[in-house]
Each structure stands twice: as structure tokens, then as C-alpha cells.
Amino acid sequence: MFGLADCNNFYVSCERLFNPSLCGKPVVVLSNNDGCVISRSQEAKKLGIKMGEPLFKIKKLVESERVYIFSSNFALYGDISWRIMERLRQMVPTIEVYSIDEAFIDFRGISGDQASKIARNISPILLRDVGIPVSVGISTTKTLAKVAAKLCKRYPKLNNCCIMNNASDIDKVLDKFRVEDIWGVGRRYSKMLNSEGVDTAKKFTECNPVWVRDKMSIVGLRTWKELKGEPNIGFEENLNDKQQICTSRSFSSDLYDHEKVIMAIAKFASSGAEKLRKQNGVTSQIHIFILTNPFKEGVKEDYRSIVVPLNYPTDSTFEIVKASCSAALSILKSGYGYKKAGVIITDITKKNETTGSLFCEKDLGKESELMKSLDEINLKYGRDTLVTAAQGVDKIKYNMNNLSRRYTTSWEDIIKVKI
DNA sequence: TCTGGGGTCCTAGGACCC
DNA sequence: TCTGGGGTCCTAGGACCC
């Protein structure tokens, strides 16, 4: 059996944890720059607020219905997530942390009865020890466990735990389960399937596998097999090392000043480099991209990206910032207002498994020590205590007008709460 | 006026090799 | 009129996820 533990309305639940008066009220959490809705309480869903909806489109509703609004506070959510995962690890054999608010559980080698017994305890214990409501679904494959977890959210009488293991139950569930709700079937595929008359998960399992493979590639076929109870998606305990690290932001206004865009790129590059060092990686290739506001009509539109190969694999902030900035400089065009930019670090290998370069003139050992000191100083005295000059001193403006405190991770904020 | 950010995997097609 | 067969690697783009 496989299980899935999935936090309910995670970001909203985190905000409520430190502000219980929000319980029972409509609450939403916004994306960076206070752009779109990315988490909604049950009450907010009931008001018809959709996932991904821009804030300005629901302004009226927010005012008339007194919806509580929060800017995203990832320092808080990340820390609460870590607590959830640590507590979960103590209860079950093995977990795969799948996202900030979800973990798969490997129950293989344990009897169905025992797995069910454990599963029923997870939600009450996490609620008691961490304070976050969690749905738990278990079944014979990851995809079916996803279905089961979704049922918990649909039927409160399940008490946040749904065990789906006999064939006739699964059959009944799939018959009522819409194809667009299946994990792995997105907007495009559900539209295609619907147009072919395949509107339920059950009908999907009755499709010809050759047809499925043809229309939805090998990925779709895997989903098809999983729904029929045949495990086809691997269980990965260590998903920590990223194959690419992307750091990007939208700006609060269009930037016509190239210098400002370059400063932002330098900042993205250096925070990417820091994440790279955290996983002991080195990169030999970076992508830079810049774009104008695609929603704005009547202005000149531009999207540009460039791939920069590096001379030798590196984790140095200096190298990565330098390469990123000069690449960005080469693609920026005057007269365009840039709304968003980003740096993607790719071609990542392990630092200790990478051979040095014959033609590198730098003392890489020294550079490594320097980076270590840089990271230590920024850890001790706070982010951006020490930055590259390219990044500049002036902060680039982002909208963040409804930010809660970092209740669990910032010493200043912890003190404030106590007072 | 205001529209997120960070990932994964797969496929097709081009450039190149012998 | 006729023009091989078998590969690899890379990239862009598309699909999906949260």
C-alpha cells in the first residue's frame, strides 16, 4: 500500500495557527508581489474565489465579504512544513516529501490492516502536535492514494482518512471521479479526453492502452496503469537535490532602466548560487530570461532568453553573478519596460564528483573558502548582510502589503509575539 | 492600476558522429 | 533515375505538478 498525507489549505492553515480568530472566516494567501490567490480557506472557496485568480479581480468581493488577505510568508510555511514532515517520519516507515504540503508514505512490506491502523492515527496526531489539519489517503498505488486523499476533502464524515483497498470500492469511486481530478491529467488532457467522451476515471481505465500511449505519451500510460492498481511511479526518498534551480520575480512596475534589471539579475543569481552550494552542487550552465508584461496591451512586448555555458563547473557567487549579468546585458533592449526576470541554474553536478579544469587560472580552493565565509556571515547576521556590488544597495520594490510575522523562525518576531 | 514561482519528465527535431 | 543505417547529444517546447 501507498499513502498520501496532504495538508488542507496549507498556507491558510499556517496563518490560522498563529491567528486562531481567522478560523471560520474567509481567508486567502496571495502569491509573490500580492498577485494571485494561491491558498483559500473553505469559506473563501464557498464565496467562489478561484485558485490562481488575480487579487484585483476579486477586490469587491474581498471588501463586501470581509475576506482576510495575506501576502505569502514562505519562511513561516517552510518551517511548519518541516515540523509536519519530521512528526510524520516518526509515525510511518518511509516518506517521500513530494511538496511543501504533501508527502507520500511507503507501506510496502506492511499488512493492509496495519497500514490502515497507522493511517488513521496520522491526522489526529499531526493536528495535536503541529496544529495543521491533514488529509490521509491510502491505496495500492500513488495515484489511487491521491484519489483517496481527495475524497477526504470531499466527505467530512471520513474524518480526514480514506482507505481504499478493495477492488469493488475502487471501482465505485472511479466511476464518480472526474477525469480532470486525476493526478497527472491536466487541463489539456482532460479537454481532449472529455471530447472523446471519456469524462470519468473509470471510463479512462477502460480506454485502449495503445491509444492512451499514443495520445498522452508514456506518462499518461503510467497514470492509466496506476489507476488499474499497478504501481508504476517510483518511490523516491531523497528528492532534495534539484536538477535545476530557478530564481525569478515579477517587479511591482515595468523597469525601463536596464541598470535596475541587472541589479535584480545579480540578486537572483546570487541567491541561486547560495541554494546550489546548499546541495553541494556546481553548475556549468546558466539560463537568463527577461520579459515585458504579457498582460499589458498597447506596449512593446519582448521575451528573451539566453543560455550561458561556463568555462568550468562552479558554485561561486562571483562567477555566476558575473556570467548572468553580462548575459542579461547582451539581451536587454532599450525602450522596453521589463516586468519579470529570472536566472535558472542548470547542468548541476555534485561538487566532489566533478573534475577540475586544466585551464582555470583561479585558485578554486581559495574561492571555496570565501564562499563558505560568505554563507556563514549571511546565516549568522541575516540574509543579504554581505552581497556583491552588482546587486546594489537599493532594494527593488515588490508588493507585500499583508505579510504576517515569521512567528517560528525570526527571533525578533518571536519576541514580539511574547510581548 | 493590479495577473506567482519553482519544479519534473517526455518528445521532436536538428546537428553531429562513424 | 538513382542517394544508408545506426547512433548520440542538445535544445526548445509542451505537458504536468504544487
Side-chain angles (χ1 to χ4, degrees), chain A residues 4 6-11 28-39 50-60 62 69 71-74 77-78 81 96-104 142-143 146 149-150 179-193 213-223 232-234 236 239-254 268 271-272 275 279 284-285 287 289 291-299 303 305-309 337 339-348 397-402:
Chain A
L4 177 77
D6 187 350
C7 301
N8 301 343
N9 316 328
F10 184 56
Y11 300 160
V28 299
V29 173
L30 303 175
S31 61
N32 248 312
N33 225 12
D34 285 353
C36 301
V37 172
I38 53 170
S39 182
K50 295 200 189 68
M51 189 69 174
E53 197 151 32
L55 176 62
F56 73 89
K57 284 192 179 166
I58 53 164
K59 266 267 156 76
K60 270 193 182 150
V62 166
I69 301 275
S71 303
S72 38
N73 183 347
F74 285 104
Y77 312 149
S81 168
E96 170 193 316
V97 178
Y98 177 67
S99 73
I100 193 161
D101 69 336
E102 277 176 63
F104 285 104
K142 278 179 153 185
T143 306
K146 273 268 192 187
K150 229 169 209 176
V179 83
E180 55 265 40
D181 292 333
I182 301 168
W183 183 48
V185 178
R187 258 217 322 262
R188 288 292 173 94
Y189 286 153
S190 56
K191 202 173 160 195
M192 183 275 291
L193 289 169
R213 159 77 237 233
D214 186 49
K215 292 275 187 187
M216 300 168 69
S217 92
I218 193 152
V219 185
L221 186 61
R222 256 180 231 153
T223 300
N232 259 261
I233 299 175
E236 196 62 58
L239 283 176
N240 298 327
D241 288 353
K242 303 278 182 274
Q243 297 169 39
Q244 58 179 50
I245 296 168
C246 172
T247 313
S248 75
R249 287 286 177 284
S250 295
F251 310 121
S252 60
S253 61
D254 300 348
F268 302 153
S271 72
K275 292 178 209 164
Q279 67 174 55
S284 36
Q285 186 171 278
H287 287 234
F289 64 88
L291 59 148
T292 53
N293 189 343
F295 298 104
K296 212 170 189 171
E297 279 172 37
V299 293
Y303 169 84
S305 76
I306 184 169
V307 179
V308 197
K339 175 69 174 167
K340 181 175 177 176
V343 173
I344 309 170
I345 292 173
T346 61
D347 211 343
I348 297 174
K397 216 179 143 255
Y398 301 104
N399 293 324
M400 263 207 170
N401 300 321
N402 306 279

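All values below come from the heavy atoms of this structure, side chains included, with hydrogens, waters and symmetry mates left out. Here is how names work: the chains are called A, B, and so on, in the same order as the sequence lines, proteins then strands, and each is numbered from 1.
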- Note on the structure: A:Gln279 meets the side chain to side chain contact (heavy atoms under 4.5 Å, CB included) criterion, sequence neighbours left out, with A:Asp241, A:Lys242, A:Ile245, A:Ile348

- Item | Pair A:Asn399-A:Ser252, side-chain donor/acceptor within less than 3.5 Å | no

- Note on the structure: Each base of DNA chain B marked ( ) or [ ] if paired in-strand (Watson-Crick or G-U under 3.5 Å), | if paired to another strand and . if unpaired gives ....||||||||||||||

- Note on the structure: ring pair (Phe, Tyr, Trp, His ring centres under 6.0 Å) filter on A:Phe251, not counting sequence neighbours, yields none

- Message: Can you list everything that forms a salt bridge (charged side-chain N to carboxylate O under 4.0 Å, His left out) with A:Asp101? Sequence neighbours excluded, please.
- Response: none

- Just by protein heavy atoms under 4.0 Å, how would nucleotides 11-18 of chain C read 5' to 3' in B, S and -? S---SSSS

- Query: Partners of A:Thr143 by side chain to side chain donor-acceptor pair (under 3.5 Å), sequence neighbours excluded?
  - Reply: A:Glu226

- Task: State which residues pass side chain to side chain donor-acceptor pair (under 3.5 Å) with A:Asp254; sequence neighbours excluded, sorted by chain then number.
- Result: A:Lys296

- Residues in side chain to side chain contact (heavy atoms under 4.5 Å, CB included) with A:Asp181, at least two apart? A:Lys150, A:Arg154, A:Phe177, A:Arg178

- Message: Holding to side chain to side chain contact (heavy atoms under 4.5 Å, CB included), I want the full list of residues that pass it with A:Val219, two or more places apart in sequence or in another chain.
- Response: A:Ser217

- Let me have a per-nucleotide readout for nucleotides 2-9 of chain B, 5' to 3', with B, S or -, counting only protein heavy atoms under 4.0 Å. BBBSSSBS

- Nearest-angstrom distance, C1' atom, B:dC17 to C:dG4: 15 Å

- Mind checking what makes side chain to side chain contact (heavy atoms under 4.5 Å, CB included) contact with A:Tyr303, not counting sequence neighbours? A:Phe289, A:Leu291, A:Ser305

- Note on the structure: A:Lys340 meets the salt bridge (charged side-chain N to carboxylate O under 4.0 Å, His left out) criterion, sequence neighbours left out, with none

